[in-house]
Amino acid sequence: MFYGFDMGGSKIALGVYDAQRQLLWSKRVPTPRDHYADLLAAFVSLTAEADAVSGQRGRVGVGVPGLINPADGTLFTANVPAARGRPLGRDLSERLGREVRVDNDANCFTLSEAWDEAFQDCPVVLGLILGTGVGGGLVVDGKPVSGRNFVTGEAGHMRLPIDALQVLGRDIPLQQCGCGQRGCMESYLSGQGFAWLFQHFYQQTLSAPAIIERYYQGDRQALEHTARFRALLAVCLGNLLTLLDPHLVVLGGGLSNFDALYDGLAEQVKPHLLPMAKPPRFAKARHGDAGGMRGAAFLHLR
């Protein structure tokens with residue numbers, strides 16, 4: 001059995017999966033945000049329940065909203081203060097008496113999609129989460145590629161490519177990013193970036209859902225804005241696709257549900273690739289909120 005924990009700022013979700021990757025049991029509990037001992041106790045209690053349900057000692061994986069320090073296994077996470085600076089994986093391994101694998105939630109999202117039946121013929125999978133921010137992960141032959149600093153695939157903190165200035169205008173303000181840099185792609189391709197760009201060009205403050213609703217009503221500005229945003233997405237994807245050459249790009253997060261983003265995206269990407277390169281397959285994430293715990297469970301799959 002494979003146990004996947006998705007640790008978020010408000011809840012810990014656990015899914016128990018069999019060898020065929022089918023969900024057998026799941027449970028959610030509030031995340032103990034302030035006390036590390038309480039956080040560990042929640043994992044231990046949920047694991048004991050899962051063992052009782054499955055009749056086995058399952059293999060444990062944990063997806064976390066942050067980065068793992070490769071030197072000592074400690075976490076950098078803003079959403080769960082209790083876990084900040086703590087070696088969660090090592091401490092859980094000791095308490096549970098089994099190996100616990102930990103990875104960031106973007107890698108777990110990508111791994112979940114890469115192991116979907118529909119995508120298993122894709123050896124290299126790039127996942128992009130277009131949500132509050134822009135996260136990403138890379139999976140090669142069914143295994144996440146974390147890199148030296150666990151930041152492989154974090155495309156949101158790459159800077160806008162020069163071609164983006166042709167789409168947005170060379171006078172586009174270089175937005176301050178939470179990472180401390182200016183001009184990160186996250187500031188423009190996230191849900192907040194989608195709304196900010198609309199405000200910048202049309203001097204109207206609307207949320208991303210409100211703009212999307214106007215799009216489906218045929219509003220001229222919303223249609224124009226969506227076409228511009230899709231062109232920007234294609235430009236930003238160009239560098240990523242040239243570097244990583246994935247067979248599949250899976251989009252997740254709130255904006256991924258906006259079907260208009262996929263219209264002609266492969267064709268718009270082509271001018272930003274090498275002449276002989278073919279665009280990858282683009283797909284919407286298939287597992288929604290369950291992706292985090294699925295991917296965490298699948299950290300043990302090979």
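Just so it is clear, the model here is predicted, and its values are computed rather than measured.
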Q: Can you confirm whether His157 sits close enough to Val151 that some side-chain heavy atom of one is under 4.5 Å from a side-chain heavy atom of the other?
A: no
Q: Taking everything shown except Lys278 itself, do over 12 heavy atoms lie less than 6.0 Å from its NZ?
A: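 Atom NZ in Lys278 is not packed in, count stays at 12 or less.
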Q: Is there a side-chain contact between Val250 and Thr110 (heavy atoms, below 4.5 Å)?
A: no
Q: Closest approach of Ala83 and Leu75, non-hydrogen atoms and distance?
A: O-CB, 3.7 Å
Q: Do the non-hydrogen side-chain atoms of Arg214 and His225 ever get within less than 4.5 Å of each other?
A: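 No - every pair of side-chain heavy atoms lies 4.5 Å or more apart.
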Q: Using the benzene-type ring in the case of Trp, are the ring centres of His287 and Phe109 under 6.0 Å apart?
A: no
Q: Would you say that Thr47 contacts Arg98 through its side chain, given a criterion of any heavy-atom pair below 4.5 Å between the two side chains?
A: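 Yes, side chains in contact.
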Q: Hey, could you give me the CG/CZ distance between Asn69 and Arg86, rounded to the nearest 0.5 Å?
A: 15.0 Å
Q: Under 3.5 Å, side chain of Ser187 to main-chain N/O of Gly183, donor-acceptor pair present?
A: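 No; judged by distance alone, with no hydrogens or angles, the pair does not exist.
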Q: Checking the side chain of Thr242 only, and the main-chain atoms of Gly238 only, is there a donor and an acceptor separated by less than 3.5 Å?
A: yes
Q: Measure the CG-CZ distance between Leu251 and Phe282 for me, rounded to the nearest 0.5 Å.
A: 7.5 Å
Q: Could you tell me whether a side-chain N or O of Arg281 sits under 3.5 Å from a main-chain N or O of Leu248, the two making a donor and an acceptor?
A: no
Q: Between Gln56 and Asp51, what is the shortest heavy-atom contact and its length?
A: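 In this case the closest contact between Gln56 and Asp51 is O-OD1, 2.9 Å.
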Q: Start with the C-alpha gap between Leu301 and Arg21, add the side-chain angles, then the distance that decides, and say whether side chain to side chain contact (heavy atoms under 4.5 Å, CB included) holds.
A: CA-CA 10 Å; Leu301 289 180; Arg21 304 184 303 283; 3.6 Å; yes
Q: Using the rule given for side chain to side chain contact (heavy atoms under 4.5 Å, CB included), can you reason through Tyr188 versus Trp196, listing the C-alpha separation, both sets of side-chain angles and the distance that settles it, and then say yes or no?
A: CA-CA 8 Å; Tyr188 306 88; Trp196 180 84; 3.8 Å; yes
Q: Heavy atoms only: give me the nearest Pro32-Asp38 pair and the separation to one decimal.
A: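 Smallest interatomic distance, heavy atoms only, reads CG-O, 3.6 Å.
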Q: Identify the heavy atoms of Leu128 and Ala155 that sit nearest to each other, and give their distance.
A: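 Heavy atoms only, the tightest pair is CD2-CB, 4.0 Å.
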Q: How long is the straight-line distance from CZ of Arg101 back to CD1 of Ile68, given to the nearest 0.5 Å?
A: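 The CZ atom of Arg101 is 13.5 Å from CD1 of Ile68, to the nearest 0.5 Å.
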Q: Quick check: are there more than 12 heavy atoms from other residues, nucleotides or ligands sitting under 6.0 Å from CD of Gln192?
A: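 For Gln192, atom CD is not crowded (no more than 12 foreign heavy atoms under 6.0 Å).
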Q: With clusters defined by side-chain heavy atoms of hydrophobic residues (ILVMFWY) lying less than 4.5 Å apart, directly or transitively, does Leu237 cluster with Val124?
A: yes
Q: How far does CG of Leu46 sit from CZ of Arg28, to the nearest 0.5 angstrom?
A: 12.5 Å
Q: Which atom names give the shortest non-hydrogen contact between Tyr36 and Ala82, and what distance separates them?
A: CD1-O, 3.3 Å
Q: Does any part of the side chain of Ser93, heavy atoms only, come nearer than 4.5 Å to the side chain of Val100, both counted from C-beta?
A: yes
Q: Under the salt bridge (charged side-chain N to carboxylate O under 4.0 Å, His left out) rule, what do Asp72 and Arg90 come out as? Steps first, then yes or no, please.
A: CA-CA 9 Å; Asp72 57 11; Arg90 184 167 69 242; over 6 Å; no
Q: If two hydrophobic side chains count as joined below 4.5 Å and joins carry through other members, does Val249 share a cluster with Leu111?
A: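 No; tracing contacts between hydrophobic side chains, which count when under 4.5 Å, never links both residues.
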Q: Could you tell me how the ring of Phe198 sits relative to the ring of Tyr202: parallel (under 30°), tilted (30 to 60°) or perpendicular (over 60°)?
A: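 Phe198 and Tyr202: tilted rings.
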Q: Keeping the roles fixed (side chain from Gln199, backbone from Thr205), state whether a donor-acceptor pair exists under 3.5 Å.
A: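 No, because the side chain of Gln199 does not come within donor-acceptor range (under 3.5 Å) of the backbone of Thr205.
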Q: Quick one, Arg59 and Tyr3 - any side-chain contact, counting heavy atoms below 4.5 Å?
A: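 When only atoms from C-beta onward are counted, Tyr3 and Arg59 do not touch, as no gap falls below 4.5 Å.
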Q: Determine, stepwise, if the pair Leu273 / Leu241 fulfils side chain to side chain contact (heavy atoms under 4.5 Å, CB included).
A: CA-CA 7 Å; Leu273 304 179; Leu241 302 184; 3.7 Å; yes
Q: Does Ile129 belong to the same Ile/Leu/Val/Met/Phe/Trp/Tyr cluster as Val145, with side-chain heavy atoms less than 4.5 Å apart forming each link?
A: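 No; tracing contacts between hydrophobic side chains, which count when under 4.5 Å, never links both residues.
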Q: Do Phe5 and Leu40 belong together in a cluster built from hydrophobic side chains that touch within less than 4.5 Å?
A: yes
Q: Is Asn104 close to Glu154 at the side-chain level, that is, under 4.5 Å between some pair of heavy atoms?
A: yes
Q: According to a 4.5 Å side-chain heavy-atom criterion applied to Ile, Leu, Val, Met, Phe, Trp and Tyr, with indirect links allowed, do Phe150 and Leu299 form part of one hydrophobic cluster?
A: no
Q: Of all the heavy-atom pairs spanning Leu96 and Arg57, show the shortest one and how long it is.
A: O-NH2, 3.3 Å
Q: Can any side-chain N or O of Trp115 pair as donor or acceptor with the backbone N or O of Gly142 at less than 3.5 Å?
A: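 Flag set: sc Trp115 to bb Gly142 pair under 3.5 Å.
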Q: Please check if the side chain of Thr152 supplies one atom and the backbone of Ser146 the other of a donor-acceptor pair under 3.5 Å.
A: yes
Q: To the closest 0.5 Å, what do you measure between OH (Tyr216) and CG (Asp259)?
A: 5.0 Å
Q: Under 3.5 Å, side chain of Arg33 to main-chain N/O of Asn79, donor-acceptor pair present?
A: yes
Q: Within the supplied structure, the quantity of interest is the number of heavy atoms (other residues, nucleotides, ligands) at a distance under 6.0 Å from Lys284 NZ; does it exceed 12?
A: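 Correct, the count exceeds 12.
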Q: Does the side chain of Thr31 reach to within under 4.5 Å of the side chain of Ser10, using non-hydrogen atoms?
A: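 When only atoms from C-beta onward are counted, Ser10 and Thr31 do not touch, as no gap falls below 4.5 Å.
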Q: Which value, rounded to the nearest 0.5 Å, describes the distance between Leu165 atom CG and Leu174 atom CG?
A: 7.5 Å
Q: Apply side chain to side chain contact (heavy atoms under 4.5 Å, CB included) to the pair Asp289 and Asp6, showing each step before the final yes or no.
A: CA-CA 10 Å; Asp289 290 344; Asp6 180 16; over 6 Å; no
Q: Do Arg228 and Phe201 meet the cation-pi criteria used here (NZ or CZ under 6.0 Å from the six-membered ring centre, within 45° of the axis)?
A: yes
